[in-house]
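Each remark here refers to the structure printed beneath this line.
Quick caveat: nothing in here was measured; it's all calculated off a predicted structure.
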Protein chains: 2
Amino acid sequence: MTEPRRKPPTMKDVAAHAQVSLSTVSYVLNDSGPVAPERRQRVLDAVRVLNYMPNESARKLKRRSPFTIGMIVPDLTNQFFAMVTEGVQKAASARDVLVVLVAPAAAEQPEEKQAQLLRRQRVDGVVYLSGTGSLPAAIHEIARSGPIVLVDEKIPGTGLPAIVAESRKGARAVAAHVLEQGHRNVAVIGGPMALWTARQRLAGYREAFAGAGLDPDAVPVIAGDYQQESGQRIAAELLAADPRPTALICANDLLAIGAMEHCREVGLRVPEDVSIVGFDDLPLSRLLTPRLTSVSQPAREMGYRAAQALFELLDAGEVGPVADLPTTVNLRDSVCPPQEST
Amino acid sequence: MTEPRRKPPTMKDVAAHAQVSLSTVSYVLNDSGPVAPERRQRVLDAVRVLNYMPNESARKLKRRSPFTIGMIVPDLTNQFFAMVTEGVQKAASARDVLVVLVAPAAAEQPEEKQAQLLRRQRVDGVVYLSGTGSLPAAIHEIARSGPIVLVDEKIPGTGLPAIVAESRKGARAVAAHVLEQGHRNVAVIGGPMALWTARQRLAGYREAFAGAGLDPDAVPVIAGDYQQESGQRIAAELLAADPRPTALICANDLLAIGAMEHCREVGLRVPEDVSIVGFDDLPLSRLLTPRLTSVSQPAREMGYRAAQALFELLDAGEVGPVADLPTTVNLRDSVCPPQEST
DNA sequence: CACTGCATCCGAAACGTTTCACTAGTGTCC
DNA sequence: GGACACTAGTGAAACGTTTCGGATGCAGTG
């Protein structure tokens with residue numbers, strides 16, 4: 001069944017077969033030196049017949065230029081993260097660089113171990129996709145292994161490059177939409193305030209509130225952890241108020257889904273009794289009933305840009321300021337004007 | 001901003017700092033030779049103060065034993081695949097092996113390139129998560145880079161080790177459940193018949209049909225590609241029949257979701273007008289309205305087992321026969337007895 | 001004391017690349 | 001015709017490990 005598996009051919013084999021020196025082979029393989037067309041062809045042929053593949057380990061041992069990057073993602077099961085990851089992979093594979101993926105949630109390993117893993121691999125840089133957790137601790141340990149670019153997160157103090165979407169603007173827009181429908185008694189389910197996105201979104205909501213003549217400080221806000229379960233819990237808390245809020249503005253889709261679940265449980269209709277909006281626009285959100293109104297971020301694009309920024313940082317040592325990516329609000333069925341109660 | 005970044009310390013530095021030879025350091029680092037306790041401590045200390053991390057590239061260049069495996073996954077956005085991936089990662093990180101992830105969909109690269117990537121990295125083996133595509137072509141190219149274990153797929157001819165769930169049994173059970181509700185006019189939306197799972201599930205359905213006294217050959221079956229869109233299209237086709245089927249049995253959740261979408265579009269109620277069941281039990285399926293009845297497979301476990309099987313294969317050269325993993329059918333709201341029509 | 005055996009330790013040769021420094025060969029120009 | 005600048009090609013030294021074979025010291029034998 002399993003063949004004896006002989007060891008793969010090396011450059012030396014190629015050189016021998018093509019009757020040239022080792023260095024010549026290397027030169028043609030990466031265009032790094034002059035070689036006569038006739039000989040070049042000889043080695044190309046040899047490569048073909050031997051089915052030669054360069055040994056990346058050996059290469060990496062010598063090279064300087066970036067050929068593998070690390071990526072840290074909190075949770076692959078979250079579609080948003082998955083899409084960002086795809087974006088990164090795409091950008092990387094276009095440049096033939098390898099990305100080593102660290103998914104801590106899956107491995108339940110402490111962040112310290114992740115950092116070690118990355119350093120052992122001598123990754124040239126890392127893309128850090130910020131998640132539900134706190135990061136400051138890990139970030140600096142990781143920064144030892146190379147340049148970092150953040151995705152979907154910004155850390156104010158440090159000047160770390162970050163690729164983010166216009167969270168604030170999108171948040172303002174979606175909140176404004178809710179208010180335009182006539183809602184005055186609204187509440188917010190926020191994200192973890194340690195995260196930039198959570199703070200930005202909240203700020204955006206408050207801008208919209210102020211713009212509509214509401215007192216932002218009067219609007220109840222409870223922060224969750226961006227997970228469905230906490231959305232469910234917080235919705236229960238918020239909807240217990242009297243008078244009951246007619247709209248719940250959620251800082252991400254998972255929270256919104258949790259809120260919808262809670263409504264389903266207690267028999268509140270969405271949107272007739274409670275309007276709900278989310279953020280992220282996960283693919284699954286449009287499958288819900290009612291289909292969730294949400295703000296979409298260009299997840300793949302963010303991943304792609306992040307990788308590009310990292311390459312730029314690696315090549316040039318500096319990365320030009322990147323514009324925040326646009327968000328768009330997708331109006332669907334989970335919002336309607338508040339119904340006259342009784 | 002970016003510090004000058006000096007090159008990381010090497011074993012030589014450690015050796016110098018601890019006043020021992022290079023080889024001694026190597027010995028203590030991997031317990032591969034005798035060294036006096038006092039000296040051992042010296043190098044351990046040196047490692048600590050220098051914050052030394054072994055260079056994996058250099059290691060891999062020398063070593064024989066498996067320290068990196070490859071994983072091919074069709075589409076990270078699919079939660080089922082994401083969960084399997086997490087399982088693999090977990091098993092791998094427990095053994096300190098690196099997994100290099102190839103996600104073709106993201107990179108739109110031909111399968112040939114994936115195989116190359118893996119070979120360049122000299123992966124010791126690969127776990128292949130079969131997806132929507134056809135595989136036979138790629139498989140053999142990939143097999144050159146090392147042993148393979150398949151997940152969620154079996155290729156009959158070859159004796160390739162495979163980790164799968166009891167698709168057939170699960171399929172039979174869920175179909176039986178539908179029939180028990182009294183449905184007699186049912187139809188099947190199948191998966192791509194090139195895939196083992198699709199064939200197994202269909203076989204399971206047919207067993208159930210026969211068991212309930214139906215003629216399996218009389219039940220309409222149309223094969224889709226396991227994607228939502230084709231579920232939608234096929235549902236339209238199937239439901240156009242007269243009399244209209246009262247239940248749609250779908251080979252995976254995405255197809256089922258597509259079918260539900262179609263029903264929503266044309267105003268058919270689920271489950272009153274059409275009962276629908278799926279397969280895979282994606283996390284999102286229980287969020288739908290109605291919540292989808294589906295067969296769940298232990299995705300993470302499958303990934304975990306696959307990685308373990310690969311290690312076994314690598315260590316022992318052979319892998320003991322693995323039992324198919326159990327499936328369970330989750331009864332929810334998308335099935336009810338057929339309603340008397342007019 | 002010469003010999004063996006054991007426990008530690010070390011030097012040096014790989015592993016498969018890249019790349020610097022150098023040689024040979026060709027043609028140009030005064 | 002010799003100095004010169006090129007071009008094409010080579011040899012060999014790295015890169016950071018692992019590991020084999022041999023040194024070294026020292027205890028215990030005969």
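Checked by atom type and distance alone, the side chain of A:Ser93 never pairs as donor or acceptor with a backbone atom of A:Asp96 at under 3.5 Å.
Atom-to-atom, CZ of A:Arg42 to P of D:dA8 comes out at 15 Å; the value is rounded to the nearest Å.
Between the axis at the start and the axis at the end of the helix from C:dC1-D:dG30 to C:dC30-D:dG1 there is an angle of 70°, using five pairs per end and rounding to 10 degrees.
Sorted by first and then second residue, the pairs that involve residues 29-38 of chain A and meet salt bridge (charged side-chain N to carboxylate O under 4.0 Å, His left out), not counting sequence neighbours, are A:Asp31-A:Arg40, A:Glu38-A:Arg42.
Across all their heavy atoms, B:Val88 and B:Gly303 have their closest contact at CG2-O, 3.3 Å.
Residues satisfying the side chain to side chain contact (heavy atoms under 4.5 Å, CB included) criterion with B:Glu312, sequence neighbours excluded, are B:Val319. In terms of the side chain to side chain contact (heavy atoms under 4.5 Å, CB included) criterion, residue partners of A:Leu61 (sequence neighbours excluded) are, by chain and number, B:Asn55, B:Ala58, B:Leu61.
An OP1 or OP2 oxygen of C:dG16 is reached within less than 4.0 angstrom by no side-chain nitrogen or oxygen of A:Thr10. Phosphate proximity of D:dG9 to A:Arg39: present, with a side-chain N or O under 4.0 Å from OP1 or OP2.
No side-chain N or O of B:Thr68 forms a donor-acceptor pair with one of B:Gln121 less than 3.5 Å apart. For the 3.5 Å distance criterion, the side chains of B:Ser23 and B:Ser26 fail to qualify, holding no donor opposite an acceptor.
Of the two residues near DNA chain C, B:Pro34 and A:Met11, the one whose nearest nucleotide lies more 5' is B:Pro34.
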Detail all sub-3.5 Å separations between protein N/O atoms and N/O atoms belonging to nucleotides 19-21 of chain C.
residue: C:dC20; atom: N4; partner: A:Tyr27; partner atom: OH; Å: 2.6

Protein-nucleotides 24-28 of chain D N/O pairs under 3.5 Å:
none

